[in-house]
Structures are given as C-alpha cells and as structure tokens.
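Each remark here refers to the structure printed beneath this line.
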Amino acid sequence: MVQLPNGAVAAGCHHDGCSERDWHALRDQVEPGWRAAGPPTSITTAPGGARWEPPLPFHQIDLPPFPIDALPDWLRSFVKAEATATQTPVDLAAVLSLSVIAACCAKKVAVFMREGYVEPVNIFTATALASGNRKSAVFRAMTEPLADHERSEAQRTSKEIAKQRAEHQIKESILKNLKAQAASAKGKERDRLTQEAAELAVELETTIMASPTRYIADDCTPERLATLLRDQGGRIAVMSPEGDVFDLMAGRYANKGKSNFGVFLKGHAGDPLRVDRVGRSEYVKQPAITIGLAIQPDVIGGLAESPEFRGRGLLGRFLYALPVSLLGHRDLDAPPVPDEIRAEYHAKVTALLSLPFGTDPNGDREPHLLRLTSEAQAKLRDFAGWLEPQLAEFGELGCMTDWAGKLVGAVGRIAGILHMVAQAHTNAPWESTILGATIERAIRIGQYLIPHARAAFAAMGADAVVEHAKTILRWIENQNAREFTKRDVHQAFRGRFKRVEELDAPLELLRTHGYLASRPTASAGPGRKPSPKFEVNPLWLSRSTDRNCEECEHCE
C-alpha cells in the first residue's frame, strides 16, 4: 500500500505475475465475503445496483509498470537486480538504461524507417520520483560504465592531446613571428615570408584539435553544451539525478534570464547547429544529444511555468515515467546485485561504447544504418495506423499531439536501442536487421509511455481533457448537483465548450474514474434529442461539500 504525495492511497502487488491484482484483491484477503455483502446503505448504490467506490484521483494510480520483459536478457537482468537491491520501482532503472544505451550508440547507428526517413537513436527521458527514493544510487549504478570508460579514455589519450596542443602553440608562435618579419621585410623576402605565414595559418585553421573524451555533461549551460558537441564529434549525453537542466534551459545564467534551449531541440532532431557570436563560432553537422534525468515530481509541475518549453516543442521530445514509490513497504534486507550480473552489464555497455563510427566518402562521421525486416516494417505501420486516429482534435491524444505525434519516431529509436542491446556481443550490429519481435518490444514500451506522458502533461496543466474534467467537478460541487444531463453542462459552459461533443472526453474521464455513473438517457421533450444523464458519486460529493474543490485530492 502506498500513500501518494497528495494523500490518496493506492494498493496493489508489484510482482511481475500479479499485474491484475488490484486493491479489490487486497480487500479480498483482509475482508473475505465483502463483495457478496452488498451495499450497507442506499448512498453506496450506483445506478443498476452496482456499488459506489471512492473515485480515483486523475493519473495518480493505474499507471502501468514498465514492461521489463521487453528488454533483452542481459539488460533486463541488471535492471531487475538493481531495482531489487535499491528497492526502487523497476521503471527508474529501466528508463535510465535506455538513455545509457542511447548515449553509447548515438551517431554510431540510426534507424532506417523507410525511404527518406531515418531516426537517430538518441532520446530524452525524465523519470519522476519523490525525494528519498534512492534515485542517486540507481543513477550512479546505471551510468557507472559511461563514467569509467570516459575516465579510461581520457587517461589513454592525455599524452597525445598534450603533445598536439604543445605543437599547436609552437606553430602559433611561429606564425606570429612570421607575420612580424613579413611586415618589416621588403621585396621577395616579404613575399616568401607572407607565403609561409599564409600556409601555416591555413594549417592551424583546418587542424582539428583533439579533446579529452567526454560522454556525460551535467551542470552545463546551453552555450557550453554547443562547444562540447563540437569537441566530442557531435554527440554528448546530459545525465543527472536532478532537474537543474531545465533551469539552465530557462536561462538561469543568461542575460535577463532569457531561455536558450535551441541546442537541445537541434540535438534531438539532428538538425545542423551553427553558433556565430562574439568570441565563438561553432558548427556541428548532425548533433546528437541524449538526456537521462531522474527528477522530483515537482519539477514536472514546474515546467508549466516556462510556456515556451511546450510552445517550441521541447516537452514533446521527452519520454516520461512517473512510477509509484515503494517507500513504506521496502525490503530492508534486499539482496545486492550479483557480481556476475553487474560485470556483464558493465562489459556490454563498454562494448557498445567501443564500437566504431561509420564514415561518409569525405571521411566525416556518419552513422551505420539499422534496417527493418519486412515484418518489422509492417508491425510499425500497424502501430502508426492505430495511433493516427487518436491524434485528431477530439481523439484520445488530441490534447498532446506535440508528444504523441513523435511517438512512432520514438518507438523507432527505442527499437534501434533494443537491437543494439541484443547485438552487443557482435562487432558490427548494423549487419543484422531489426526483427519484428524487436519492434513489438519497442511498441510495448511506447504503449507504456502513453499514460505516463498523459500524467506528466496533466501535472503541467497541459492535458486539456483533465483540466475540463476538473472544471466540470467544480461546477458539480458549486451546484451541489446529484444528477445532471450532458445538456445541463453544455448550457453552463457555452463560452468554454462551443460544441457539445467537446464534453464527451472529460465526462468519460469522470465516469471511468468513478466520479459519475451513466443513467438512462433523459427525454428532452418533443422535437429535441434525448441527452445523456449522469448521477454523481455521493461518496465524493459528501466529502467535498465542505471543501473547496481546488484543495480536493482528486482535483490536484
């Protein structure tokens, strides 16, 4: 049993084989026969004789757990062991693991979705858990191979980098002297010195200076991130167990606090990055930024304070996870991660980091293409066909098309990540095609992400259906209405809902969450269509009578 931050109580079993066991199953254990006892009073009897139950808070429970069996064997083993050892929701380690693998493979591979459409494999993820849930411990365990390999590569190349820098500085000094000599020389001597200076200047300008290997950035301004992208061959991962990166995007260190997150938008899409400002000029052909954050839920809600985050498409690029905390019922004697499982995770991640980049005819980095089998293409098309109607104005995901419109592409990226995990033991994973089974696993993860994204956007106040449902609840409370028709609501909110069909989604949300129950359609008199009728859950109405709905746990 879990008490959520808003005071609501949820219960359920978190074993992999108990996904169908809800709080009713728990009550069966502690109160046998309660189902047959029937309602004690008329107040708990809904239309049709069903029993009224306390309504469910919006998006607070019934969010699905991460489909752990969608991960290939070695990654699944480590994720499960780490979640058990730290007594954290498996979602945390699982979603972070996707960002870790993306950081390994970014710019090395890309997914060939169809002719003219290629998806990179870098992703943005944000997992929200309250303080005290050992986010930092899980974060360290998941990113440890990246940090270790980064450190070893920096040590391995340090002497060569120091030598190159010294040679570069010497040539700069020579160039300075040549310029001075040419300025005071005359005739052929001046021409000779000028020619030497020009040739050396071209050499210095075109020399690409090596930089210490960096895989991860944390407390990094957007301006510095652009420089890191240039120095690291066009890829970098922003990984953090905190949400400070959003403050940096919002312009914490910028003049007048002006937001600056264009580098993140381009780093997700792979659009060319050009920076030309006083004192700095940078160009990255196909930047690839990976983000993996473990943040507190308040950070999600706070994103609404920067409307440009959504307006410019930043929030639609993140894959969100809002797992249920295990605080209050953790195993204090949980076993640690077995050494062999940790070692295999470390070795496989390191192997992916060590894979070579592809190159184009000019010798520049170019990702190897991962191609789909015909079966995989068909399954991805079917998923896109299932999703498309939901993106319509009044569809299930019509209020968040900025996110849902990118879901097919996100599934393609996840499929590429899962393929690389499954082929981590090979030297050329791109020589194998992405199978239909891999696409199925990626789709399962995509379907898991949908309700979590809805919950995240609801927390931001960006889910219009949830906001409309809350408005209707406030009207019910204000009217102390025990029953009403759909026409009654439309008449009350004609300024907000221009079409009566706009009420369908919020009323259905209230019905499925237990605030309302459908009654037989009400007759509207001669010449008028009958209007759907609803009865209000008396358990909720009686609890909210003396409270402002803004403070009700079900409306926040």
Side-chain donor/acceptor of His368 to backbone N/O of Trp430, under 3.5 Å: no
Short side-chain to backbone donor-acceptor contact, Arg330 and Leu332, under 3.5 Å: no
Asp218 and Ser240: side chain donor to acceptor below 3.5 Å: yes
Crowding at CD, Glu366 (>12 non-hydrogen neighbours, <6.0 Å): yes
Distance in Å, His425 NE2 paired with Leu352 CG, rounded so as to fall on 0.5 Å steps: 11.0 Å
Side-chain heavy-atom pair Tyr345, Val100 within 4.5 angstrom cut-off: yes
Donor-acceptor contact below 3.5 Å, side chain Trp74 vs main chain Val421: yes
Over-ring placement of Arg317 relative to Phe124, 6.0 Å and 45° cut-offs: no
Aromatic ring pairing Phe457/Tyr320, orientation class (parallel under 30°, perpendicular over 60°, tilted between): perpendicular
Side-chain donor-acceptor contact under 3.5 Å, Thr125 with Ser99: yes
Lys NZ or Arg CZ of Arg312 over Phe261 ring: under 6.0 Å, within 45°: yes
Salt-bridge present (Arg454, Glu396; N to O < 4.0 Å): yes
Minimum heavy-atom distance Leu315-Trp403, with the two atoms named: O-CD1, 4.2 Å
Distance flag, aromatic centroids of His268 and Phe264, threshold under 6.0 Å: no
side-chain contact (heavy atoms from CB on, under 4.5 Å) partners of Asp298, counting only residues at least two apart: none
Check: Thr157 and Pro212 side chains under 4.5 Å, non-hydrogen atoms: no
